[in-house]
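The first residue in the sequence is number 1, and the count goes up from there.
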Amino acid sequence: QVQLVESGGGLVQPGGSLSLSCAASGNIYSINRMGWYRQAPGQKRELVARIDRGSNADYADSVKGRFTISRDNAKNTVYLQMNSLKPEDTAVYYCNAQGVVVHVGDYLEVWGQGTLVTVSS
């Protein structure tokens, strides 16, 4: 069974930096796209950034120039480097994997459990 395990969340001051990691495990042949989403209290979950196997990345307008997403296909791991953090970045950050191939005709979408990022003085 495929699982995503996130790490790296915590408390940081405004203007600071934080790095998140997410590793996929299980009998995985390939993963098409991996990404990060976030959900603030009382808000809907929103896309932060996503990246395909060729390292083509998309970012939400609110994080462009501050966050960088990357992945290691051999390790089935995706990363999110967050710089110049703002209080409005405070949220639970969720890892996502789409097009996870485990068997022929079996394409999965998998979510991690989430990790809390708090940006506060």
Side-chain angles (χ1 to χ4, degrees):
Q1 187 170 356
V2 178
Q3 290 184 302
L4 302 180
V5 179
E6 300 128 324
S7 62
L11 175 65
V12 64
Q13 292 185 334
S17 297
L18 207 60
S19 182
L20 306 181
S21 298
C22 171
S25 63
N27 188 21
I28 301 170
Y29 180 78
S30 65
I31 302 174
N32 182 27
R33 187 168 65 193
M34 303 185 76
W36 292 94
Y37 293 71
R38 67 186 182 187
Q39 187 168 19
Q43 303 296 317
K44 294 182 178 180
R45 189 173 300 184
E46 64 177 1
L47 173 69
V48 178
R50 58 189 178 189
I51 186 169
D52 65 18
R53 289 185 58 82
S55 295
N56 299 302
D58 294 318
Y59 297 89
D61 288 340
S62 59
V63 307
K64 286 181 179 177
R66 300 188 297 120
F67 292 9
T68 302
I69 189 171
S70 60
R71 67 184 285 175
D72 185 332
N73 292 334
K75 296 181 178 180
N76 287 321
T77 301
V78 64
Y79 309 92
L80 186 68
Q81 178 65 47
M82 303 183 292
N83 299 324
S84 301
L85 283 161
K86 305 174 181 179
E88 51 263 43
D89 294 318
T90 296
V92 176
Y93 284 70
Y94 297 91
C95 182
N96 172 262
Q98 296 179 333
V100 183
V101 180
V102 292
H103 300 289
V104 62
D106 189 8
Y107 304 92
L108 305 177
E109 181 174 8
V110 185
W111 289 91
Q113 81 287 352
T115 185
L116 178 62
V117 173
T118 303
V119 185
S120 176
S121 298

Nearest heavy-atom neighbours spanning [X] and [Y]:
{"X": "Ser62", "Y": "Arg38", "answer": "OG-NH2, 3.4 Å"}
{"X": "Arg66", "Y": "Ser84", "answer": "NH1-O, 3.0 Å"}
{"X": "Asn83", "Y": "Ser17", "answer": "OD1-OG, 2.9 Å"}
{"X": "Gly8", "Y": "Leu18", "answer": "O-CG, 3.5 Å"}

Exercise for the section: Could you tell me whether Asp89 and Lys86 have a side-chain N and a carboxylate O separated by less than 4.0 Å? Expected result: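 No, this pair does not count.
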
Problem - Residue pair His103 / Asn27, side-chain heavy-atom distance below 4.5 Å - result: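 Yes; the side chains approach each other to less than 4.5 Å.
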
Exercise for the section: Could you pull out all residues at least two apart from Lys44 that satisfy salt bridge (charged side-chain N to carboxylate O under 4.0 Å, His left out)? Expected result: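 If we apply the salt bridge (charged side-chain N to carboxylate O under 4.0 Å, His left out) test to Lys44, skipping adjacent residues, there are no hits.
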
What distance separates [X] [atom1] from [Y] [atom2], expressed to the nearest 0.5 Å?
{"X": "Asn73", "Y": "Met34", "atom1": "CG", "atom2": "CE", "answer": "9.0 Å"}
{"X": "Asn76", "Y": "Ile28", "atom1": "CG", "atom2": "CD1", "answer": "4.5 Å"}
{"X": "Gln81", "Y": "Ser21", "atom1": "CD", "atom2": "OG", "answer": "9.5 Å"}
{"X": "Thr77", "Y": "Leu4", "atom1": "OG1", "atom2": "CG", "answer": "10.0 Å"}

Problem - ring-ring contact (aromatic ring centres under 6.0 Å, His included) pairs, two or more places apart, involving residues 41-79 - result: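 For residues 41-79, and leaving out neighbouring residues, there are no ring-ring contact (aromatic ring centres under 6.0 Å, His included) pairs at all.
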
Exercise for the section: Can you run down the salt bridge (charged side-chain N to carboxylate O under 4.0 Å, His left out) pairs that involve residues 51-60, sequence neighbours left out, and say none if there aren't any? Expected result: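 Pairs touching residues 51-60 that pass the test: Arg50-Asp58.
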
Under 3.5 Å, side-chain donor or acceptor atoms of residues 94-101 against the rest of the protein: list the pairs with distances, not counting sequence neighbours.
from: Asn96; atom 1: ND2; to: Glu109; atom 2: OE2; distance (Å): 3.1
from: Gln98; atom 1: OE1; to: Arg33; atom 2: NE; distance (Å): 2.9
from: Gln98; atom 1: OE1; to: Arg33; atom 2: NH2; distance (Å): 2.4
from: Gln98; atom 1: NE2; to: Glu109; atom 2: OE2; distance (Å): 3.4

Practice task
Tell me, yes or no, whether the heavy-atom count around Gln1 atom CD, taken from other residues, nucleotides or ligands under 6.0 Å, exceeds 12.
Solution key: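 For Gln1, atom CD is not crowded (no more than 12 foreign heavy atoms under 6.0 Å).
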
Hydrophobic cluster identity match, [X] and [Y], side-chain contacts under 4.5 Å:
{"X": "Val92", "Y": "Trp36", "answer": "no"}
{"X": "Val78", "Y": "Ile31", "answer": "yes"}
{"X": "Tyr29", "Y": "Val2", "answer": "no"}

Problem - For Val63, the option from Val48, Leu47, Leu85 that meets side chain to side chain contact (heavy atoms under 4.5 Å, CB included) - result: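 Filter result, single survivor: Val48.
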
Practice task
Could you note down all residue pairs passing disulfide (SG to SG under 2.5 Å) where residues 27-76 supplies at least one of them, sequence neighbours left out?
Solution key: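 The answer is none; no pair qualifies.
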
Hey, can you pull the donor-acceptor pairs under 3.5 Å for the side chains in residues 110-121, sequence neighbours left out?
from: Gln113; atom 1: NE2; to: Glu6; atom 2: OE1; distance (Å): 3.2
from: Thr115; atom 1: OG1; to: Gly9; atom 2: N; distance (Å): 3.3

